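See structure below.
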Amino acid sequence: MSTIPDHSIRIAADRGGTFCDVHASYPDPANPTGPPRELIVKLLSQDPAYPDAPTEGIRRVLEAVTGEKVPRGQPLPINKLASIRLSTTVATNALLERRGERHALIVTEGFRDVLLIGNQARPKIFDLNIRRPAPLYEEVVEVAERVTLVGFTSDPRAEERGVKFDEEGKVVRGYDGETKRRREGKLAYRRSILTKPLLETPAEEIVRGLSGEAVRILRKPDPAVVKPQLQALREKGYTSLAIVFVHSYTYPEHEKLVAEWAGEAGFTHISQSAALLPVIKMVPRGASATADAYLTPVLGAYLNGFFSGFDPALRETGRVEFMTSAGGLVPATQFSGLRSILSGPAGGVVGYARTSWAGEGEGRDKRAIIGLDVGGTSTDVSRFAGRYELVHESVTAGVGVVGAQLDINTVAAGGGSCLTFARGLFQAGPASAGAVPGPVCYRRGGPLALTDANLVLGRLVPAHFPKIFGPNEDEGPDEDAARAALEKVKEEINADPSTERPYSLDEVAYGFIKVANETMCRPIRALTEARGYATGEHILAPFGGAGGQHACEIARLLGIKTVLVHRYSSVLSAYGLALAERVLERQEPSSAVYGTPETTKELAARLKRMEDDVRGELKEQGFPPERIKIERLLNMRFDGTDTALMVLGEDAPASDTLEDFEGAFKRAYKSEFGFLLESKAIVVDDVKVRGIGSSFDDLGENVHDEVRRLRAEGKTASVRKERANGTHSVYFEELGRVPDTPIFLLDSLHPGDEVAGPAIVIDDTQTIVLVPGATALVTSRHLVIEVE
């Protein structure tokens, strides 16, 4: 019988493009009150032997922890599971491969092409053959509805053209048909958009929007017209719908009305743009709604398949959480396609941020961290300097979306990147071998890939590689097949007229490695040098299955001196899920001019109300007050400009005051654009509150503090080659083939041990290559590598 208590196993599973990584923690049966035990499982994301990789990984965890047989193909028991945290690339891949749900777009009459036209951005301005991605929706239906904005309630400079409401929301001042303003000492006239004085308009046609702006209702949707339109879409087979109306960010009633009718017509998924993102700018808001309508049904189908592998009661327990693109966890019931686009790499960002950052305070290492996630399909790069760097508008696969996402740059270079020689050039990627068939060495007849090159060079040791290949999933990688495939490419290269001299097999393999390394360096430079940061003044935190094989050489290319490799670096995205926090956000539109007494009071009241709502909901989810942190943000811009920046307020405020948002905004604006518009007022477009519920305990001694302590106590010592667990023939650019390169098993090393390159450090899931001149100090949870 199992001695593991019920509801005690915590699972974190990251399903990547090639591998699925699972991290589990559970009580130690021999010491139930002590630190939990941990278990790592790594398996292919796709395999004919099982329908879903995370489910299969959890099955293996249950067998290993409980000691009881759990047959494959039967619903898994849930009595031992305390929580399941997942990240997935399902929605991301559906967007990249255009395999989402076919859906229709409902839009305000006259705006059917607004998303097709877009914002007229020309990223490749000199390209003579622009190929615009096709829209996600398949059909457009225009609805005869219209509202318009007629003024602002809180702009003190717009006295003549403003609209003012009393406490009951009734209009007490408005347009007189024509307004005046002075500009540079000259009297100028501006014709009002209204055809009659505002005060003569029927009261029910003028309402106060959510942003505080006055909204004039010109035309309401007619059910006699709209309902037949919706029914016609259902008859064509549509079950998913995106609704995007003009000005719905401040007046969403028409979207809600049409959504209600769509539900009655039988639509199973309805994405209302204002409900998803109540922000100004119709194009990105609309694009986000169509992306959600396109992806959420696909994600829902995946979730249904996942839950079908467990006892049906799991869905009702609330124990399943998902990682969002912003780096926070949400319950499965709140997970959507729009929030999942960067779900996969987000866990890794949390993982290295939690384990590698020195923290604030006197004597702390002030260097920011560069996260380098080298997976099987791609490499994801991010930066952490004390808080997560978020973007609020982004483009993925040609689709611009609005919403908080971690600032992650991705390039198509990973362990599965296909290696080719074309037009006299070595090429690594962008095509990928994926999990099926995978690289040549995966024994499935796949193409030559970067993993094959590392294997041939000796940077992967077959005897220490997971034996998960072959028809019975019990064989290691096929080095002979990889070598034979690379020999064919070598012959092709040496036969090319542009080749100056014959290359050896090692030189060809390493040539592909160098190309891949340079490709991985590009997004790092974009995050550092392109933004005014010195690349060499960072710490590199590599992770992912191939991160340890490339880290030292990438650090040298970038001038980085310190590399931090976590013991769980190959599964750090899964480990990051275990360390992640529950995040709850509330956002509302605004039109306030920052800095006046009236707007200060109004904004403070709104933030306090939203904060109380967020705290209350997190408490209902089981978080005690001491584990809840609140961040208050304003989306601000200079009046007359188009670019808003979401800024976090500084200094904790009293209930009726605001943080120093203005100072934070000006610093962010100056850093981004290099100048300030001091004569312009600052307008607040959105008000946002983020609640963070922490569910993990302290991680113990910081790695930087541990290194200082080990050195101060004289507990560091070089490891002699005699302690190596074996040797292997490895190719290094500086030395050529080193036939007796020492191999050290990570579990055989102790805190304070120092390993000098050339060497290889290996554990069950990762291989770390120490190049000549590099030295690795072993700590309790890291390898701290210093690169010359």
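Source: prediction; values computed, not measured. Any value given below was found using the heavy atoms of this structure, including those in side chains, with hydrogens, waters and symmetry copies removed.
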Using 0.5 Å steps for rounding, measure from the [atom1] atom of [X] to the [atom2] atom of [Y].
| X | Y | atom1 | atom2 | value |
| --- | --- | --- | --- | --- |
| His704 | Ser356 | NE2 | OG | 6.5 Å |
| Glu63 | Arg59 | CD | CZ | 4.5 Å |
| Asp52 | Tyr50 | CG | OH | 9.5 Å |
| Ile9 | Ile58 | CD1 | CD1 | 10.5 Å |

Under 6.0 Å from the CD atom of Glu537, do we count more than 12 heavy atoms belonging to anything else shown? no

Q.
Apply side chain to side chain contact (heavy atoms under 4.5 Å, CB included) to residues Leu584 and Arg690 and explain how you reach the verdict.
A. CA-CA 6 Å; Leu584 184 65; Arg690 180 188 295 123; over 6 Å; no

#### Entry: Test item: side-chain donor near acceptor, Asn304 and Arg315, under 3.5 Å
yes

Exercise. So, Glu701 and Ser780: side-chain donor and acceptor under 3.5 Å apart, yes or no?
Worked result: no

If you look at every heavy atom in [X] and [Y], which pair is closest and at what distance?
| X | Y | value |
| --- | --- | --- |
| Leu342 | Pro345 | O-CD, 3.4 Å |
| Leu527 | Ser382 | CD1-CA, 3.5 Å |
| Val771 | Cys552 | CG2-CB, 3.7 Å |
| Ala313 | Thr317 | O-CG2, 3.1 Å |
| Leu460 | His728 | O-NE2, 4.0 Å |

For [range], pull every pair meeting ring pair (Phe, Tyr, Trp, His ring centres under 6.0 Å), keeping only residues two or more places apart or in separate chains.
| range | answer |
| --- | --- |
| residues 756-788 | His566-His782 |
| residues 53-77 | none |
| residues 313-333 | Phe322-Phe335 |

query: Do the side chains of Phe19 and Leu44 get nearer than 4.5 Å, heavy atoms only?
result: yes

Hits for salt bridge (charged side-chain N to carboxylate O under 4.0 Å, His left out) against Asp740, two or more places apart or cross-chain, chain-then-number order -> none

Sorted by chain and number, sequence neighbours left out, salt bridge (charged side-chain N to carboxylate O under 4.0 Å, His left out) with Asp478 holds for Arg443

Which residues share a side chain to side chain donor-acceptor pair (under 3.5 Å) with [X], sequence neighbours left out:
| X | value |
| --- | --- |
| Arg711 | none |
| Lys715 | Glu713 |
| Arg367 | Asp365, Thr562 |
| Thr765 | Ser570 |

Sorted by chain and number, sequence neighbours left out, side-chain contact (heavy atoms from CB on, under 4.5 Å) with Ala385 holds for Ala368, Arg383

For Arg615, the side-chain contact (heavy atoms from CB on, under 4.5 Å) test, sequence neighbours excluded, returns Glu611, Ile628, Ile630

message = Run the salt bridge (Lys or Arg N to Asp or Glu O under 4.0 Å) test on Lys629 and Glu581 for me, step by step, so that the C-alpha distance in whole Å, both residues' side-chain angles and the decisive distance to 0.1 Å come before the verdict.
response = CA-CA 10 Å; Lys629 177 185 176 183; Glu581 299 164 318; over 6 Å; no

Paired with Leu76, the side-chain contact (heavy atoms from CB on, under 4.5 Å) test is passed by just one of Val70, Leu314, Leu81, namely Val70

Residue pairs passing the salt bridge (Lys or Arg N to Asp or Glu O under 4.0 Å) test with at least one member in residues 22-49, sequence neighbours excluded, are Asp21-Lys42, Asp28-Arg37, Glu38-Arg781, Asp47-Arg444

